Each structure stands twice: as C-alpha cells, then as structure tokens.
Amino acid sequence: MEKEHKKGIREISPIDVYKLLPRTNCGECGEANCMAFATKVVNGETSIVNCPPLYTQKYSKELDKLEELLAPLVQSVSFGTGGNAITIGGKHVLFRHEFTYQNPTPIAIDLSDDMAPDVISARIKRVIDFSYTYIGRPLKLDSLALRSVTKDPTRFRELVQIVCNSCQIPLILCSTEPDIIAAGLSVCAERKPLIFAITKDNWETMGELVLRYSCPVVVSAPGDLSLLRSLVKTLKEWGIDQMVLDPGTYHSDQIGKTIFQNTAIRKAACKDFDPFFGYPILGTPISVWNGQELSEELNRWQEAYLASMLITRYADLLIMHSLEGWVLLPQLIWRFGIYTDPRKPVSVDPGVRTFGNPDKNSPVLITSNYALTFFTVESDIKTAKIDCFLIVIDTGGLSVEAAVAGRYLSAVKIADSIRDMNVGDFVIHRYLIIPGLAARLSGETEEETGWRVLVGPRDSSGIGQMIRERWPPTEE
Amino acid sequence: DSFQLQDDCFPAKIREITLGATRSEGGTRDNTVTVGGSSSLPFHNPHSLPPHPPVISLDVFDTAVSMPKALKNHLTDVMYDPASWAKQNVEQYGADMITVHLLSTDPLIQDKSPKDAAKTVEEVLQAVKVPLIIGGCGDPKKDAKTFTEIAEMAEGERLLLNSVTTDMADAKTLEPVCTAADKYGHCLLGFTGLDLNSAKELNRRIYQYFPADRLLMDLTTVALGYGLEYSFSIHERARMAALMGDAELQHPTLSACTNAWSAREAWMDLGPLFGKNDLRGPLWETIGGLTLLLAGVDLFLMMHPLAVSTLKDVAGKLIK
Ligand code: B12
Ligand code: SF4
C-alpha cells in the first residue's frame with residue numbers, strides 16, 4: 001500500500017500555518033493578528049477562506065501550500081448548489097476526541113418512480129416540514145434520494161421533474177443504468193446532483209456521464225473492498241475526483257460486515273493515509289426494507305438503530321426510507337452530539353434575559369450558559385408563565401452542577417456578573433434566586449454580592465411553584 | 001492490488017473478570033458471567049473480537065420509583081416484589097444478571113437498615129440463579145454500611161457492588177467497603193463522572209485495599225441528547241489508553257444505559273409527528289446502548305425488553 005507522508009491535523013502547529021499567511025496583521029479576518037488566526041485555523045475554529053488577502057494573486061503559491069497542508073484525510077465532496085449545497089466528508093481523524101468531526105452526516109429520504117404522485121408530494125412536504133427544536137436549533141432533514149424502480153427512463157425523468165418543480169433540496173439520483181441517470185440529468189444537471197452509482201459493470205458509460213456533467217458520484221462495490229479501492233483508483237486516474245464510497249450497507253445477520261468495512265476504510269484513510277480510501281462513506285439504512293418479510297414497524301426499528309450505528313461508525317451520508325418522527329429524531333440528535341467540538345460544550349451567550357413583562361419587583365434568577373441548561377430553564381420558565389430576569393453566567397458552557405464542582409460558577413463569578421450586567425438597575429429589591437444544585441454557594445454569594453440569596457429547586461421545572469409560593473420574599 | 005485489513009496490535013489488554021460464583025466456586029449461582037479480556041479496539045477488526053459478548057443486567061428496585069409508562073407496562077405485577085421482579089427479568093426477558101437497587105436505604109427516602117437491605121438481597125438470591133449487582137442509594141456513609149452488611153451475608157457469591165466513589169474516599173468509608181468486599185470475595189464498581197483523571201485517581205485509592213483484578217469502572221453514561229457524546233468519547237479514550245498500556249484504566253466498563261430515560265425526548269409526548277412513546281423510549285435506550293457497545297463497554301444496566309433483545313441480537317451478530 002502506498003504510504004504518503006502527510007501531517008495529520010494534530011501535528012500541524014500554528015507556526016506551520018502562520019508561515020504561509022500574508023503576515024500583515026491587517027485584521028480583515030476579524031482576528032487580532034495573523035498568529036491568532038493561524039491558531040484558530042489549526043483548532044478547526046475558522047478556515048483559511050476567511051483571510052481575504054490570501055486569495056489575491058500575490059499569495060497564490062502560499063494558498064496552494066496551505067490548502068495542501070490543511071487538506072483533510074477524507075476529502076470533502078459537495079452536491080447541490082447555492083445556499084442549499086451539502087458538503088460531506090472532510091474528516092481529519094478516526095476518533096472524535098482527536099479533532100472535531102466536520103460536516104455532520106446529512107440524511108436523504110428516498111422517493112421512487114413507482115410512487116403515486118400524492119405519495120411523492122406528501123413525502124416531499126414531510127421532508128421540508130420536518131423540524132425539531134433542540135437546544136435552540138432546528139434539526140432538519142437534508143436531501144432527497146430519487147430511485148428508479150420501474151427501470152423506465154421516462155418515469156424517472158418525470159419523478160425528477162416533479163421534485164425539481166416543488167423544492168430546492170439537493171438530490172441524489174439512484175440507478176446503475178446510465179440511460180436512466182442521463183434521463184434524470186437531462187432535467188436537473190444544473191443542480192449538481194450526486195449520482196448513485198458507478199459500479200464495475202457500468203463504469204465506462206457512467207464515468208463519461210459524470211465527467212460530462214461534472215457531478216459527484218458514488219462508487220459502489222458491495223462487500224468487496226479490494227474492488228472498491230481499485231475502482232476508485234481507476235476513476236481517479238481518469239480524472240474523476242468527487243467520489244463517495246459505497247461498500248454496501250448490510251443489516252440483520254450481516255450487520256457486522258457494515259461496521260467492519262466502514263471502519264477498515266476510515267482507518268485506511270486516517271491511519272495509513274491511503275489516498276484511494278480518503279473519500280466520504282455512504283450508508284444506506286434503507287437497505288433493511290429490501291426483500292425482508294418483516295412488519296413495517298420492525299423494519300423501521302431496524303432502520304433506526306442501524307442508522308445510529310452508521311452515524312457513529314463513519315458514515316458521512318445516509319439514505320433512509322422511514323419518515324416517522326420517532327425513527328428520525330434520535331438520528332438528528334445523535335448526529336448533532338457526535339459532531340460537536342469535544343473540547344467545548346455547546347453554549348449560549350451570557351447576559352440578562354427577560355421573560356414576560358418583568359418590572360422592578362420581579363424575581364432575578366441565576367443560571368449557567370450551557371446550552372442544554374439554558375434552554376431547559378427557558379422552557380420551564382415559559383411554561384410557568386412568570387415575569388422575571390434570568391442572569392446567564394459564563395460558566396464556560398458547563399452545566400450548573402459541573403460548573404460548581406469545577407469552580408466555573410462561584411460567588412465571585414456571580415458578583416462580577418451582577419455588577420457587569422448592571423442587574424442592580426433592573427430591580428429595586430436585592431434578592432437572587434440560585435439553582436438548587438448551587439446551594440452551597442449561597443453564603444459566600446451573599447457576602448460577595450451584598451444581595452440576599454434564595455435557593456431555588458434542584459430542577460428548573462419547580463421554578464413556577466417556587467415563585468408562586470415564595471415570591472415576593474417575606475422579610476425575615 | 002487487493003486490500004488487506006491491517007491487524008492492530010496493542011501492548012496491553014483489559015482485565016478479565018468473572019461475576020457470580022457457582023456452588024463449586026463457593027457461591028450459589030447456576031452460572032457465572034465473564035466480562036473484559038479485550039485486547040483490541042471494539043469492533044475494529046473481525047479477526048480480533050471481544051472474547052465475551054456484552055453482559056446485560058436488568059434492574060429491580062426495592063421500593064416504588066417513578067417510571068415512564070413505557071417501562072411500567074411490563075412491571076405491573078411485580079413492582080413491589082423484588083424477588084418476582086427479578087424472576088420475570090430472567091425468565092421472560094433473558095437477563096444475564098440482576099441489579100438490585102436498594103433505594104429504600106436512602107436516608108432521605110425510607111432509611112431502611114442494612115439488615116433489611118440484606119434480606120431483600122437474600123430473597124433475590126433465592127429467586128434467581130444468575131449473578132447479582134447490588135446498587136446502593138448514593139449516600140457514601142450509608143452505602144458503606146449496607147455494602148459491608150451484604151458482603152458478609154452473601155459471602156462467596158462474587159456480587160458486584162455498585163458503586164464505590166470519590167465521595168466514599170472523602171467520607172472515609174472507602175477502606176471498610178473495599179476490605180469487606182475483598183474479604184468476602186466480591187467485585188467492585190468504581191464510579192466517576194466523565195473524567196479519566198478522577199477515574200484513575202479513584203482506582204489508585206481502591207488498589208490500596210482491593211485487588212485490581214476484581215474492579216470494574218463506571219465512567220458515567222449520559223442520555224442521548226444530554227451528552228451521550230461525552231460518554232462515547234470518554235469510553236473511546238479510556239479503552240485506547242488502556243490498550244496502549246495504562247494499567248489504571250485496564251478495567252472492564254459498565255454503562256447504566258437506563259439513564260436514557262432521563263431525557264425528556266425519551267418519554268415525553270411530543271405530538272403526533274414524533275410518534276409513539278412506546279417505541280421512541282426503548283429506541284432511546286437501545287441507541288445509547290449500541291453507541292457505547294461500539295465504544296467498548298462490557299456490561300450494560302438496562303430496563304426495556306425491546307432494548308435488551310436488540311442489544312443482545314446486534315452484539316451476537318457482531319461477535320459471531
Ligand atoms: C455531562 C457532564 C459533564 C460534562 C460537561 C457537560 C457540560 N457542558 O456541563 C463534562 C465531561 C465536561 C463534565 C466535567 C466535569 N464534571 Co460533570 N457531569 C456531567 C453530567 C453527566 C451531566 C450534567 C448535565 O448536563 N446536566 C443537565 C443540565 C441541564 O443540568 P443543570 O445545568 O444542573 O440544570 C438543571 C438544574 O441545575 C436546574 N437549574 C438550572 N438553572 C437553574 C436556575 C434556577 C433559578 C433554578 C431554580 C434551577 C436551575 O434545572 C436544570 C434542569 O434540571 C453530571 C451528572 C448528572 N447526570 O447530572 C456530571 C457532574 C455534574 N459532573 C461532576 C463533576 C465533578 C465534573 C468535573 C469537576 C470533573 C472533573 N474533575 O473534571 C468537571 C467540571 C469541569 C471541569 N473540567 O472542571 C459531578 C458534580 C459533583 C458535585 N455535585 O459536586 C457530577 C454530578 C457527576 C458526579 N456525580 O460526579 N461533566
Ligand atoms: S486577514 Fe489574513 S493577513 Fe489579515 S490578519 Fe487575518 S490572517 Fe492575517
């Protein structure tokens with residue numbers, strides 16, 4: 001196996017990047033200087049595209065070098081166009097704790113050309129409308145996979161046409177027949193769909209189509225990694241570079257095969273620097289629906305847990321069939337979680353939030369800026385319908401209990417925040433309500449702030465009851 | 001130019017620990033279970049699989065606890081009777097082990113005596129013949145008393161005491177618990193909150209009084225949507241470090257994946273779009289379990305029958 005020696009993202013130092021930047025400290029990137037920018041780049045917190053001077057003629061050599069230096073071991077591949085375009089892959093590492101995983105796994109839902117028109121439009125609508133608000137963010141579906149089932153190019157073109165007329169969602173065109181793909185492309189080529197798939201049997205004709213329309217393509221060789229790799233090699237030499245790997249998604253008795261194959265591919269890319277396996281992987285949980293005589297409910301169950309295992313084990317794109325909320329919700333939440341920065345909890349901005357119409361006598365509550373904490377407390381306050389001020393303290397994104405234990409939430413921190421946020425101007429009373437899990441800070445907080453402390457319930461769901469029973473506080 | 005899977009080679013392996021003891025081994029169990037023994041990363045290579053399938057222990061509580069409907073449905077007949085609850089778990093749902101949670105000992109709940117708790121454990125030992133895990137109430141002083149009492153009562157059974165903590169070290173109750181567990185031949189579970197340094201530190205303290213080859217670790221399982229990714233990464237890191245030679249982390253791991261039910265999304269009615277709670281809840285538990293299975297966890301504390309059968313089924317297919 002050819003071993004190319006490339007620095008892994010974790011071996012690149014800010015200096016390596018800094019040396020190739022313009023080094024004018026112009027500040028256009030929003031950072032104080034080029035060194036600060038370089039540090040953020042190696043941490044994955046910003047990208048070189050945010051340094052405009054780098055993209056001028058003068059620095060083209062440096063740009064090339066930087067691009068090569070920072071290139072992920074798993075190439076990124078895009079499909080769709082404009083604001084709707086989807087990028088997949090772009091991974092630097094095997095393990096999440098090594099470096100934040102990039103480009104959360106998009107989920108494509110299938111439509112086939114044998115579905116009735118009302119079913120098609122209902123499914124499209126469901127995909128567009130599907131949304132769940134999780135810690136303040138909408139979780140949504142991403143793509144549509146259009147399948148030729150009738151093997152009739154005309155039917156397929158009609159399906160593609162209906163879909164193009166009704167939405168802008170990025171598309172995957174699924175067939176191994178070049179004729180059928182050509183029929184689809186005749187109406188949607190400018191949308192840059194992903195073609196699924198090139199195989200050992202169709203690679204010459206399909207390859208020409210792909211080159212002609214310069215679309216990204218899935219290379220499929222189910223169950224045969226050697227074949228998959230040699231196909232990729234051939235296609236790469238031919239000039240095709242936007243590729244996605246399909247080693248086949250197996251389920252039921254063969255589920256192990258899927259896990260082992262995906263792992264072997266990603267390891268080859270990230271540990272052995274194998275350039276022919278350095279492409280995103282496609283997972284198709286939809287395959288549980290193939291020829292199994294199971295009830296719909298059982299198929300959905302299998303598809304659901306298989307999808308989550310694929311998100312965990314290196315799938316960069318999924319095609320699914322179920323549209324049930326209970327199947328999809330855990331996938332969307334799990335992908336959100338596994339793609340967060342392992343070094344930094346998801347947090348919200350610290351500051352004063354108001355609920356309802358608070359006045360100078362309204363309660364003042366304290367919480368942390370961990371997103372999960374904030375949105376839980378927010379929803380509990382809204383449900384309780386109380387007018388109040390909520391002081392969100394910068395705890396480095398830690399939950400109340402972890403922040404207290406780790407000293408990110410302390411009496412001094414509370415006192416500083418109260419002062420910096422001018423909380424004293426909002427109310428005439430001097431009472432703070434702290435979370436029950438921060439009870440041990442109450443004495444010190446009274447000393448540091450000069451405010452009286454009321455210890456609230458341990459769970460924010462009890463805030464409503466507490467306010468009803470204990471507010472306004474009676475003088476002791 | 002065919003693709004060859006590279007075999008990983010690690011200098012170290014996870015300790016192998018047997019829980020429960022048969023008559024000939026000094027206990028009264030019909031069978032024992034063995035966890036640990038892995039010498040490579042979990043499910044990275046079909047040629048180096050974990051030597052044992054994951055073990056699943058089902059919960060039994062000694063007092064009424066509030067539970068989502070999806071869980072309670074299966075339990076109406078046995079809720080107030082730990083012995084028959086345990087029996088149902090083994091006979092109907094295929095539990096490899098039973099965890100008896102002695103919540104009634106909590107000073108803030110019923111403050112039942114260690115003797116009462118020991119009696120409950122005795123009843124369960126008689127009702128089922130699989131190995132047991134004994135869960136305390138979380139109070140470092142009370143648990144120490146309860147565990148000590150039970151350790152002696154069940155001498156030779158190789159129970160797993162769940163758990164010993166840094167709080168016990170602070171309350172100076174770690175030594176008596178470890179000593180009793182060692183003397184009467186049981187195993188211990190060290191519990192820490194998602195922090196490998198704390199886990200290593202706790203283990204070092206435990207080694208002073210207790211043999212490392214009978215110690216398991218609970219690194220904390222957070223529910224999907226509440227930080228499952230923290231648990232996932234901590235387990236991946238721990239396993240990697242252990243295989244690379246960190247002896248303080250070479251312990252089999254346990255996941256309380258029943259924590260899944262603490263996520264609002266697991267049990268709350270989210271409207272018709274998000275479908276039935278009776279599948280969403282078990283799926284939440286299943287996905288937590290499968291995710292941590294892929295991170296190398298050896299022993300799972302579970303509750304929902306569908307989650308149990310799915311985890312067993314998938315693990316069986318992965319390991320065959
Ligand atoms: C995930 C987690 C972590 C994650 C961090 C996630 C995060 N962003 O906070 C990580 C791994 C980073 C972590 C780190 C630590 N953790 Co930690 N962690 C947890 C865990 C498992 C869940 C925390 C969580 O997300 N809770 C959910 C949120 C929503 O809860 P919350 O913020 O408390 O909010 C609730 C209430 O406080 C209340 N509330 C909130 N605001 C308000 C406001 C008002 C007015 C009211 C009335 C109520 C209220 O309602 C909310 C909803 O219920 C808990 C154990 C557990 N299961 O609880 C341990 C836990 C909190 N961690 C703990 C510890 C010790 C730590 C560390 C110090 C470990 C270490 N030695 O490094 C560090 C601290 C950080 C540091 N490096 O210094 C301990 C704390 C022990 C203690 N009581 O002192 C816990 C309890 C685990 C344990 N039993 O050992 N942790
Ligand atoms: S925009 Fe580029 S040149 Fe300007 S400070 Fe930032 S990194 Fe340096």
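Every chain is numbered from 1, with letters handed out A, B, ... down the list of sequences. Computed from a prediction, not measured in an experiment: that's the story for all the values here.
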task = Count the heavy-atom pairs under 4.5 Å between each of B/Leu5, B/Leu41, B/Thr286 and chain A, then report the option with the highest count.
result = B/Thr286
request  = Examine whether an atom of A/Arg266 lies under 4.5 Å from a heavy atom of chain B, and if so say whether it belongs to the side chain, the backbone or both; otherwise answer neither.
outcome  = neither
message = Given heavy-atom pairs under 4.5 angstrom as the criterion, report whether the side chain, backbone, both or neither of A/Tyr314 touches chain B.
response = side chain
query = Taking every heavy-atom pair that is under 4.5 Å apart, which of A/Gln331, A/Arg313, A/Glu324 has the most such pairs with chain B?
reply = A/Arg313
inquiry  = Please rank B/Thr291, B/Leu283, B/Leu318 by heavy-atom pairs under 4.5 Å with chain A and give me the top one.
reply    = B/Leu283
inquiry  = Check B/Asp139 with B/Lys141, please: is the shortest side-chain N to carboxylate O separation under 4.0 Å?
reply    = no
task = Starting at OG1 of A/Thr249, measure out to NZ of A/Lys257 and round the result to the nearest 0.5 Å.
result = 12.0 Å
request  = Specify which of A/Gly325, A/Ser252, A/Ala264, A/Ala304 makes the most heavy-atom pairs with chain B at under 4.5 Å.
outcome  = A/Gly325
ask   = Would you say A/Ser226's side chain and B/Phe3's backbone share a donor-acceptor pair under 3.5 angstrom?
value = yes
task = Give every residue pair that meets the salt bridge (Lys or Arg N to Asp or Glu O under 4.0 Å) criterion with at least one member in residues 294-318 of chain B, sequence neighbours excluded.
result = A/Asp253-B/Lys317, B/Asp96-B/Lys312, B/Arg239-B/Asp298, B/Asp313-B/Lys317
task = Heavy-atom distances under 4.5 Å only: say whether A/Leu94 touches chain B with side chain, backbone, both or neither.
result = side chain
key: Criterion salt bridge (Lys or Arg N to Asp or Glu O under 4.0 Å) on B/Arg204 and B/Glu248, from CA distance to verdict   = CA-CA 7 Å; B/Arg204 281 198 296 276; B/Glu248 288 163 3; 2.8 Å; yes
inquiry  = Any salt bridge linking B/Asp195 with B/Arg237? Criterion: basic side-chain nitrogen under 4.0 Å from a carboxylate oxygen.
reply    = no
query = Between A/Phe336, A/Tyr339, A/Trp326, which has the largest tally of heavy atom pairs under 4.5 Å with chain B?
reply = A/Trp326
Side-chain heavy atoms of B/His44 within contact of A/Ile259, under 4.5 Å = no
query = What part of A/Thr373 gets closer than 4.5 Å to chain B, counting heavy atoms only: side chain, backbone, both or neither?
reply = neither
ask   = Which bit of A/Tyr370 comes within less than 4.5 Å of chain B, counting heavy atoms only: side chain, backbone, both or neither?
value = side chain
inquiry  = Just so I understand: if I count every heavy-atom pair under 4.5 Å between each of A/Tyr132, A/Trp301, A/Phe277 and chain B, which residue has the most?
reply    = A/Trp301
remark   = Among A/Leu329, A/Ile338, A/Asp129, the residue with the most heavy-atom pairs under 4.5 Å to chain B is A/Leu329
query = Using 4.0 Å as the upper bound for N to carboxylate O, is an ion pair formed by B/Asp278 and B/Lys69?
reply = no
remark   = By side-chain contact (heavy atoms from CB on, under 4.5 Å), B/Gln92 pairs with (sequence neighbours left out) B/Gln88
Proximal to chain B - members of residues 395-407 of chain A, heavy-atom separation under 4.5 Å = none
ask   = Side chain, backbone, both or neither: which part of A/Lys267 has a non-hydrogen atom closer than 4.5 Å to chain B?
value = side chain
request  = Run the numbers on B/Glu265 and B/Trp284 for side-chain hydrogen bond (donor to acceptor under 3.5 Å, both in side chains), then give the verdict.
outcome  = CA-CA 8 Å; B/Glu265 284 84 356; B/Trp284 228 258; 5.4 Å; no
task = Identify which part of A/Leu372 has an atom lying under 4.5 Å from any heavy atom of chain B, answering side chain, backbone, both or neither.
result = side chain
ask   = Pick from B/Leu294, B/Leu194, B/Asp8: which one has the most heavy-atom pairs with chain A under 4.5 Å?
value = B/Leu294
request  = Let me know if B/Phe43 has heavy atoms under 4.5 Å from chain A in its side chain, its backbone, both or neither.
outcome  = both
inquiry  = Would the distance check show the side chain of B/Arg280 and the main-chain N or O of B/Trp267 forming a donor-acceptor pair, the cut-off being under 3.5 Å?
reply    = no
ask   = Between A/Phe95 and chain B, which part of the residue has a heavy atom less than 4.5 Å away: side chain, backbone, both or neither?
value = both
query = Are any of the side-chain heavy atoms of A/Pro342 and A/Phe99 separated by less than 4.5 Å?
reply = no
task = Identify the residue among A/Gln302, A/Glu297, A/Glu303 that makes a side-chain hydrogen bond (donor to acceptor under 3.5 Å, both in side chains) with A/Arg300.
result = A/Glu297
task = Counting only heavy atoms closer than 4.5 Å, note whether B/Leu49 contacts chain A via side chain, backbone, both or neither.
result = side chain
query = For B/Leu290, is it the side chain, the backbone, both, or neither that has a heavy atom closer than 4.5 Å to a heavy atom of chain A?
reply = side chain
note = If you tally heavy-atom pairs under 4.5 Å between each of A/Tyr305, A/Phe260, A/Phe130 and chain B, the highest tally belongs to A/Phe260
ask   = Hey, are B/Glu229 and A/Arg96 close enough for a salt bridge, meaning a charged N less than 4.0 Å from a carboxylate O?
value = no
key: Value rounded to 0.5 Å, distance of CD in B/Glu236 from OG1 in A/Thr312   = 9.0 Å
query = Among all residues two or more places apart in sequence or in another chain, which pass the side-chain contact (heavy atoms from CB on, under 4.5 Å) test with A/Arg123?
reply = A/Ile109, A/Asp110, A/Leu111, A/Met115, A/Val119, A/His321, A/Leu323
